[in-house]
Amino acid sequence: MYLQRRNRILRQSPAIRSLVAETILTPNDFIVPLFIVEGTNVKEEISSMPGYYRLSLDNTVKEVKELWKMGLKSVLLFIKCKDELKDNKGTEAVNPQGLMQRSIRAIKDACPDMLIMTDVALDPFSSFGHDGIVEGSEIVNDATVEVLANMSVSHAQAGADFVAPSDMMDGRIGAIRQALEENGFTKTGIMSYSAKYASCFYGPFRDALDSAPGFGDKKTYQMDYSNRTEAIKETLMDVQEGADIVMVKPALAYLDIIREVKNNVDIPVSAYNISGEYAMIKAAAKMGWLNEDKAILETLTAIKRAGADLIATYFAKDAVRLLT
Ligand code: PBG
């Protein structure tokens, strides 16, 4: 048999495979989500996210220093708000002494070069567990956007480098950009969850923050997973309104969306390898059905190959350990 082209030539040894590899993960690719709770010396494992923890601020600061030493350069902060502080106005979300604002300051103090990104949405602060203000059975848009803009300014005041609106209200990126400008925060970035789908894979995250919606679902603001063109509309509008980075979320069941967005925008694209994606690998590994380390690297490489320039992932530390 004579063949003009033998594709296996480029696969025959680790050396040639590594020379021609198209996608290489590095610690620079990852954003580390952190869950912060009140208290001291708290480290609570999240039951649906084995190996991942809610940390009090003192432990969070220690963790951030360790992450920096490992070569991880960015954290994405989420806080678990006490029940008695939740309401339907996002009061605690804009409290200058709130847990989020205190956390930003403490992390900046302890590790000034670490990039701090903050979640901007009302669900952890909402007595209804929704990302916005509730009137009747509706999640109202414009009143919510106003709070989100104030919340973003409050995070910037505390020292956040990027705010990351994850709420999917209309017009929030423009409003946040304008509020940041008006308050002199010309260096604060916006990483917009632009194409965020209503997904069952957020389940474990809602356990982590006790933020599951009290009624209904999030389908009137998060996107319908049947849609792809709509993701382009959402991301292009966010770019126009002033987003610095756009995000697709979830990642694994949405690799086509990541690629589609990547092909349509001229700014970095991030993807969120979310809690349910983490839980699935952990569960299968625990059963002995998957090799966890290999599954982590294959998953993260696939997300990057799809077009993600940045990946928020609960596997960031594992990935760095496996890559270095
Ligand atoms: C809330 C928010 C969610 C996640 C990040 N921000 C959950 C939701 O929209 O219900 C999910 C992250 C994950 O599942 O890892 N605004």
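Just follow the structure's listing: the first ligand is 1, and inside any ligand the first atom is 1. If you read the sequence from its start, that first residue is 1, and numbering goes on from there.
Proximity of Phe78 to ligand 1 is established by a heavy-atom distance of less than 4.0 Å. Heavy atoms of Lys249 approach ligand 1 to within less than 4.0 angstrom.
Scanning all heavy atoms of the two residues, the minimum distance from Glu241 to Gly174 falls at OE1-N, 2.8 Å. Closest approach of Ile24 and Asp29 over heavy atoms only: O-OD2, 3.9 Å. Contact between Pro124 and Cys81 at its shortest, heavy atoms only, is O-CB, 3.2 Å.
Ion pair Arg259/Asp256 not flagged as a salt bridge, since none of the NZ, NE, NH1 or NH2 atoms sits closer than 4.0 Å to an Asp/Glu carboxylate oxygen. The residues Asp309 and Lys304 are annotated as not salt-bridged, no charged nitrogen and carboxylate oxygen being separated by less than 4.0 angstrom. A salt bridge does not link Lys82 to Glu38: none of the charged nitrogens lies less than 4.0 Å from a carboxylate oxygen.
Among all non-hydrogen protein atoms, the one lying nearest atom 8 (C) of ligand 1 is Lys218 NZ, 3.3 Å. The shortest contact between atom 14 (O) of ligand 1 and any protein heavy atom is with Ser275 OG, 2.7 Å.
Proximity of Tyr278 to ligand 1, defined as any heavy-atom pair under 4.0 Å, is not found for any part of the residue. Counting heavy atoms closer than 4.0 Å to ligand 1, residue Ala121 contributes side-chain atoms (C-beta onward) but none from N, CA, C or O. Contact annotation for Asp167 and ligand 1: no heavy atom of the residue comes within less than 4.0 Å of the ligand. With a 4.0 Å heavy-atom cut-off, ligand 1 is reached by the side chain of Asp123 but not by its N, CA, C or O.
Residue-ligand proximity, Asp119 to ligand 1, at heavy-atom distances under 4.0 Å covers atoms 6 (N). Interface atoms of ligand 1 facing Ser166, defined by a heavy-atom separation under 4.0 Å, are 1 (C), 2 (C), 6 (N), 16 (N). Which parts of ligand 1 touch Asp131 is read off a 4.0 Å heavy-atom cut-off, strictly below it: atoms 1 (C), 16 (N). Each of the following atoms of ligand 1 lies closer than 4.0 Å to a heavy atom of Gln222: 8 (C), 9 (O).
Here's the thing with Lys196: one of its N/O atoms is less than 3.5 angstrom from an N/O atom of ligand 1. Polar contact with ligand 1: present for Tyr314 (N/O pair, distance under 3.5 Å).
For the 3.5 Å distance criterion, the side chains of Gln101 and Gln97 fail to qualify, holding no donor opposite an acceptor.
Between Ile133 and the options Asp142, Val140, Asn141, Asp87, a side-chain contact (heavy atoms from CB on, under 4.5 Å) holds for only Val140.
Distance check, rounded to the nearest 0.5 Å: CZ of Arg102 to CD1 of Ile79 gives 8.5 Å.
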